[in-house]
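Below, read A as the first sequence line, B as the second, and so on, with proteins coming before strands; counting in each chain starts at 1.
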Amino acid sequence: MEGLIAAIIGLLTACGIYLVLRARTFPVVMGLTLLSYAVNLFLFVMGRLNIGVPAIIEPDRAQYADPLPQALVLTAIVIGFGMTAFVVVLALRARADLGNDHVDGKDP
Amino acid sequence: MLSVVGLIVALIFVKFSAPDLALTQLSVEMVTIVLLLLALHFLPWTTPRESSLPRKLRDGALAITGGGLTATLTWAVLTRPYESISHWFLDNSVPGGGGTNVVNVILVDFRGFDTLGEITVLAIAAVGIYMMMRDLHLDAPEADQEGRPWSSDRHPLILATFSRLLLPLALMVAVFILLRGHNLPGGGFIAGLIIAVALVMQYLANGIAWTQPRLSGELHPLIGLGLLTATATGLGSLYFGYPFLTSAHDHFHPPFLGDVELATAMLFDLGVMMVVIGITVVILIRLGSISAGHRRTLLPKNGEPH
């Protein structure tokens, strides 16, 4: 299971990096989103993989899912949405003001 | 495609015992997909093939190296023994924070300052977006790729009717999730996102012209109000001689309701919820209004007799 999760995170990162290096704004936005998925998953599994253990405190339980990475990732997800929205609107504004969607602001 | 990735990530969270994260990821996914579709409406249809082959190879090599390094790092960390500091949070959540949902107690109590900083960042992003969208003029295409004009159909009747029925139910679910957030999966972020999705659904199903007059006022003051609520909750603890953002909790026994536990962290969560609703709805509705404004200028032209 650890190998699978590592492979998923690696794949998301690879796709994210490739898309971020493209020249048009929309692939870059998608690449940033994929990268943020990868980072969120990476942070989340720092609490190790716990299957079927409670996340809520119950009496007479010894083992719990690690709450600290979960709390950090929860805020990271919402911040990630804020960032995506900001970049999308930036791309739209650039398209409106410059007339193209190239990341350098001018068509080659 | 992106949503599918998001859904799989949500399923991974469910599998590995993180219900809060799965709920948040699911609702964020819905909002993101609406946002990206609105943005795609204004961007060019096709991406020109302009990357040369060596450049593609170089980018591919970089991507594979980066991905491989991350995968190796994850694998290395996961197979090492580890000592977590989180047993402190598990031990102190019920006596210190008064809630059994440790994730939520960490967010609104132990690490409340982080969360306050985070909603401040969100509010700043919203102000930036608001300013960028003022006087934004975009020409949306009048026809799709094969030259067919966009459908000027009215909004689908079934969707419109059902979404009106569902709005009060969705708001009730959101309040329920906000209230139970301290002890069971839920909390301000998730409740805020659910309300935002419910409101955006009204705009999607009924159109901006129908929905706008029925909502009293603009929603962006909600962002400031939420930030003020959260900060005021934190300052309240200073008044009682405790450090900033200390939360208090107690049991109350109102008639008919039984034992009710209330924490000041609930107020903080309410502030978080208002910021999240304000930001999401403001962004999506403003983007949507650009396209609706364009549609209005386009419709009479289509309706001209030939």
Shorter than 4.5 Å, heavy atoms on both sides: which option in [options] has the most such pairs with chain B?
{"options": "A/Leu74, A/Asn40, A/Thr13", "result": "A/Leu74"}
{"options": "A/Thr84, A/Ile5, A/Val78, A/Val88", "result": "A/Val78"}
{"options": "A/Ile17, A/Thr75, A/Leu72, A/Thr25", "result": "A/Thr75"}

Pick one of side chain, backbone, both or neither for [X], based on which atoms fall under 4.5 Å of a heavy atom in chain B.
{"X": "A/Leu11", "value": "neither"}
{"X": "A/Tyr18", "value": "both"}
{"X": "A/Met46", "value": "both"}

At a heavy-atom separation under 4.5 Å, does [X] approach chain A through its side chain, its backbone, both, or neither?
{"X": "B/Val121", "value": "side chain"}
{"X": "B/Val31", "value": "both"}
{"X": "B/Ile283", "value": "side chain"}

Atom pair [atom1] ([X]) and [atom2] ([Y]), whose distance is rounded to the nearest 0.5 Å:
{"X": "B/Thr24", "Y": "B/Phe189", "atom1": "OG1", "atom2": "CZ", "value": "8.5 Å"}
{"X": "B/Met273", "Y": "B/Ile194", "atom1": "CE", "atom2": "CD1", "value": "10.5 Å"}
{"X": "A/Cys15", "Y": "A/Leu35", "atom1": "SG", "atom2": "CG", "value": "9.5 Å"}

Check: Hey, does A/Tyr37 have a side-chain heavy atom less than 4.5 Å from the side chain of B/Gln25?
Finding: yes
Checklist line | pair A/Met30-A/Pro27: side-chain heavy atoms closer than 4.5 Å | finding: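 Of all side-chain heavy-atom pairs linking A/Pro27 with A/Met30, none is under 4.5 Å.
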For the candidates [options], which exhibits the highest count of non-hydrogen atom pairs separated by less than 4.5 Å from chain A?
{"options": "B/Gly68, B/Gly66, B/Ala71", "value": "B/Ala71"}
{"options": "B/Val77, B/Leu122, B/Val28", "value": "B/Val77"}
{"options": "B/Thr72, B/Ile64, B/Ile129", "value": "B/Ile129"}
{"options": "B/Asp59, B/Val276, B/Thr280, B/Leu23", "value": "B/Asp59"}

Next item on the list: Under the side-chain contact (heavy atoms from CB on, under 4.5 Å) rule, collect the residues that match up with B/Ala126, sequence neighbours excluded.
Entry: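 For B/Ala126 the side-chain contact (heavy atoms from CB on, under 4.5 Å) partners, ignoring immediate neighbours, are B/Ile223, B/Ile279.
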Checklist line | Qualifying residues under side-chain contact (heavy atoms from CB on, under 4.5 Å), relative to A/Ile8, sequence neighbours excluded | finding: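 For A/Ile8 the side-chain contact (heavy atoms from CB on, under 4.5 Å) partners, ignoring immediate neighbours, are A/Leu4, A/Leu12, A/Leu41, B/Ile12.
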Item checked: Minimum heavy-atom distance between A/Val45 and B/Leu78, given as atom pair plus value -> O-CD2, 3.4 Å
Check: Within the side chain of A/Arg22, is there an N or O that forms a donor-acceptor pair under 3.5 Å with the backbone of A/Val28?
Finding: no
